[in-house]
Amino acid sequence: MEFREVVTYHNHSFEEHEIETEDGYLLTFFRLSAKGKPVSENYGKPVIYLQHGLLDSSISWLINEYEKGIGYHLANSDYDVWLGNTRGNRYSRKHVKYD
């Protein structure tokens, strides 16, 4: 399943942000809401940034059982959750010049 499918299946909304690095790579970051709430309600909450490990992607924070997914747990615990992706994984393969 893709990020969008996993998140919407559990009744969460999200924003997708594309961030350009100094050397032209375009990295996709996701901002996760609490269950049943719009992402706009995240403003002003403490920010949590989750970065996956080697050969992985941001979905790794969500694919466990729902109750065990740390991304969902933090979002439902009143944090503004951001999930990053490093270059080369399934969500960050674009480049401004070499795409």
Step through the shown structure and confirm whether more than 12 heavy atoms of other residues, nucleotides or ligands are within 6.0 Å of [atom1] on [X].
X   : atom1 : value
K37 : NZ    : no
Y79 : OH    : no
E5  : CD    : yes

Between V81 and G71 the two heavy atoms that sit nearest each other are CG2-O, 4.1 Å
Closest approach of S33 to A75 (non-hydrogen atoms, all atoms of both residues): O-CB, 3.4 Å
Supply the atom-to-atom distance [X] [atom1] to [Y] [atom2], rounded to the nearest 0.5 angstrom.
X   : Y   : atom1 : atom2 : answer
L26 : T21 : CG    : OG1   : 7.5 Å
M1  : I59 : CE    : CD1   : 8.0 Å
H73 : K68 : NE2   : NZ    : 13.5 Å
F30 : L50 : CZ    : CG    : 13.5 Å
E41 : D80 : CD    : CG    : 11.5 Å
L83 : W61 : CG    : CH2   : 8.5 Å

I want to check something: taking the side chain as every heavy atom from C-beta on, are [X] and [Y] in contact at a cut-off of under 4.5 Å?
X   : Y   : answer
E20 : V96 : yes
N42 : R31 : yes
D23 : R87 : yes
Y72 : H12 : yes

Can [Y] be reached from [X] by stepping across I, L, V, M, F, W or Y side chains whose heavy atoms are under 4.5 Å apart?
X   : Y   : value
L62 : I48 : yes
L74 : V6  : yes
I19 : V47 : yes
I63 : L32 : yes

Taking the six-membered ring of Y66, is the NZ or CZ of K35 close enough (under 6.0 Å from the centre) and on axis enough (within 45°)? yes
Is the cationic atom of R4 (NZ for Lys, CZ for Arg) positioned less than 6.0 Å from the six-membered ring centroid of Y91 and within 45 degrees of its normal? no
Can R93 and Y25 be said to form a side chain to side chain contact (heavy atoms under 4.5 Å, CB included), step by step? CA-CA 8 Å; R93 292 187 177 148; Y25 282 90; over 6 Å; no
What class does the angle between the rings of F14 and F3 fall in, given that below 30° is parallel, 30 to 60° is tilted and above 60° is perpendicular? perpendicular
Test item: side-chain donor near acceptor, H52 and N89, under 3.5 Å: yes
Pair N85-S58, side-chain donor/acceptor within less than 3.5 Å: yes
Does the S92 side chain pair with the main chain of T28, one donor and one acceptor, at a distance under 3.5 Å? yes
